[in-house]
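Proteins come first, then strands; the chains are lettered A, B, ... in the order of their sequence lines, and each starts at number 1. Quantities reported herein were computed from a predicted structural model and do not represent experimental measurements.
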2 protein chains.
Amino acid sequence: MKLTSKGRYAVMALVDLARFDSINPVSLRDISLRQGISLDYLEQIFSKLKKNQIVQSIRGTQGGYVLSKKPNEIKLTNIFHAVDEKVKTVQCKKESKKGCNGKATKCSTHNLWDELETHINSFFEKKSLEDLLKNNNDQRI
Amino acid sequence: MKLTSKGRYAVMALVDLARFDSINPVSLRDISLRQGISLDYLEQIFSKLKKNQIVQSIRGTQGGYVLSKKPNEIKLTNIFHAVDEKVKTVQCKKESKKGCNGKATKCSTHNLWDELETHINSFFEKKSLEDLLKNNNDQRI
DNA sequence: ACATACCTGACTAAAATGGTCAAGTATAGA
DNA sequence: TCTATACTTGACCATTTTAGTCAGGTATGT
């Protein structure tokens, strides 16, 4: 299972973007400064977000990024999927003869991970960027 | 967040142990053969399980391991905790001035990870070794 | 033309993962 | 008491992943 800083950065950056893109596109430089994330790393992340139609880019001076959809249409699932944070639990090796063979005698933990995956995914399906924005505003007093 | 093979192996091994320890202690060698997990690696894992009072060891010929508690008293939380599979999501760096500083202006994702952690932990709190045993027996026709 | 800002790919240090290897110690049974 | 079995401990290691850096681009508004 993977759920690391890259996914966290993606979410942080998108929350930041959502808060500032109402008037002008937001440059990665600004996000980098505000969120304390390396600019080079942000570029990698946004490249993926763009490929997955979560953001749009505007080149040139005063350019930057804008959300492609409304914050309530962007689920966390989409974000994690975009940056390759597969919310996948450890898989049983297909070749292994002992333990799991995918047939009648599945290994004892096979169903467990499937269940867990469903459980986690349902959490991320429900949460949208908008939910995080609200949450964030509440906190800033 | 960490949730890797070590945790999976620990659960697999304990399910195996629970199914065979009713009469005699079960040797790691047997578990290794049945589950296809390296004996040396199992020893590392069981050393931790023992420290956390999940299993007891019996040395000498015909020795092996036995569960310290009943299967329904061993929650998955206990197992993962024992083998250092911290179900902890990525943390905000404490030193970072931007983003999260732990005070009023928490970073936008801080609560998210807390929530997720609670969500996942509740899943593991509910599941006990006994649940997996049932599940496993059902499958073996 | 030039500054800004996106874009791309190669590279890398450090950590985590999933083990192996070696050298024990304890105990049951012959 | 000898010996085979099985637990115990700690060092070591190859590979992969992570979290970036670096070095170049290209596009565009002013």
Side-chain angles (χ1 to χ4, degrees), chain A residues 1-10 12-13 17 20-21 24-33 35-52 54-66 68 80 83-86 88-93 96 99, chain B residues 1-10 12-13 17 20-21 24-33 35-52 54-66 68 80 83-86 88-93 96 99:
Chain A
M1 155 171 269
K2 282 170 55 185
L3 248 184
T4 61
S5 294
K6 191 184 283 182
R8 201 169 87 83
Y9 286 164
M12 286 171 71
L17 181 56
F20 288 97
D21 83 341
N24 299 310
V26 181
S27 72
L28 292 190
R29 199 174 144 277
D30 287 354
I31 296 179
S32 166
L33 290 172
Q35 302 296 328
I37 305 169
S38 139
L39 175 60
D40 288 306
Y41 202 32
L42 272 181
E43 284 176 344
Q44 282 182 40
I45 292 169
F46 271 75
S47 158
K48 294 183 176 186
L49 292 176
K50 192 189 168 189
K51 270 183 198 141
N52 284 266
I54 292 170
V55 295
Q56 284 181 316
S57 66
I58 294 146
R59 302 185 80 150
T61 323
Q62 303 301 316
Y65 284 94
V66 200
S68 293
F80 288 128
V83 296
D84 293 326
E85 291 270 59
K86 293 162 197 161
K88 278 250 165 196
T89 47
V90 259
Q91 293 302 309
C92 314
K93 289 172 197 165
S96 96
Chain B
M1 155 171 268
K2 281 169 56 185
L3 249 185
T4 62
S5 293
K6 190 184 284 183
R8 200 168 87 83
Y9 286 164
M12 285 171 71
L17 181 56
F20 289 96
D21 82 341
N24 299 311
V26 182
S27 72
L28 293 190
R29 197 172 146 277
D30 287 353
I31 298 179
S32 166
L33 290 172
Q35 302 297 328
I37 305 169
S38 137
L39 176 61
D40 287 308
Y41 202 32
L42 272 181
E43 285 175 344
Q44 279 182 40
I45 292 170
F46 271 75
S47 158
K48 294 182 178 186
L49 292 175
K50 190 189 169 189
K51 271 183 198 142
N52 285 265
I54 292 171
V55 295
Q56 284 181 317
S57 66
I58 294 146
R59 303 184 80 153
T61 323
Q62 303 300 317
Y65 284 94
V66 199
S68 293
F80 289 127
V83 296
D84 292 328
E85 291 269 60
K86 294 162 197 161
K88 279 250 163 193
T89 46
V90 258
Q91 291 302 309
C92 314
K93 289 172 195 164
S96 94

Who pairs with B/N52 by side chain to side chain contact (heavy atoms under 4.5 Å, CB included), at least two apart in sequence or on another chain? B/I54, B/H81, B/A82
Side-chain N or O of A/S5 closer than 4.0 Å to phosphate OP1/OP2 of D/dG20: no
Without decimals, in angstroms, what is the distance between B/R8 CZ and C/dG19 P? 10 Å
Base, backbone or nothing for each nucleotide of nucleotides 3-12 of chain C, written B, S, -, heavy atoms under 4.0 angstrom, 5' to 3'? BBSBBB-B--
One pair to check against side-chain contact (heavy atoms from CB on, under 4.5 Å): B/I31 and B/F46. What are the steps and the verdict? CA-CA 11 Å; B/I31 298 179; B/F46 271 75; 4.0 Å; yes
Just how far, in rounded Å, is C1' of C/dT17 from OH of B/Y9? 11 Å
Testing the basics here: between A/I45 and A/A10, what is the closest heavy-atom pair and its distance to 0.1 Å? CG2-CB, 3.9 Å
With sequence neighbours left out, write down each residue that passes side chain to side chain contact (heavy atoms under 4.5 Å, CB included) with A/S47, or none if nothing qualifies. A/K51
If I take atom CG in residue B/L42 and atom P in nucleotide D/dT8, what distance separates them, rounded to the nearest angstrom? 13 Å
Can you check whether B/T4 has a side-chain N or O nearer than 4.0 Å to OP1 or OP2 of C/dG18? yes
Whole-Å gap separating P (D/dT21) and NZ (A/K6): 14 Å
Residues forming a side chain to side chain contact (heavy atoms under 4.5 Å, CB included) with A/N24, sequence neighbours excluded: none
Return the set of residues passing side chain to side chain donor-acceptor pair (under 3.5 Å) with A/K48 (not counting sequence neighbours), or none when no residue passes. A/D84
Which whole-number value in Å describes the distance from B/Q56 CD to D/dA6 C1'? 16 Å
Taking only residues two or more places apart in sequence, or in another chain, which ones meet A/S38 in a side chain to side chain contact (heavy atoms under 4.5 Å, CB included)? A/D40, A/Y41
Restricting to side chain to side chain donor-acceptor pair (under 3.5 Å), what partner residues turn up for B/S57, sequence neighbours left out? B/K50
Check whether any side-chain N or O of B/Y41 sits under 4.0 Å from OP1 or OP2 of C/dT17, and answer yes or no. no
Expressed in angstrom and rounded to an integer, what is the separation of B/N24 atom CG from C/dT27 atom P? 18 Å
Between the two ends of the helix from C/dA1-D/dT30 to C/dA30-D/dT1, what is the bend in degrees, rounded to 10 degrees, where each end axis spans five pairs? 10°
Within the supplied structure, the quantity of interest is the number of heavy atoms (other residues, nucleotides, ligands) at a distance under 6.0 Å from B/E43 CD; does it exceed 12? yes
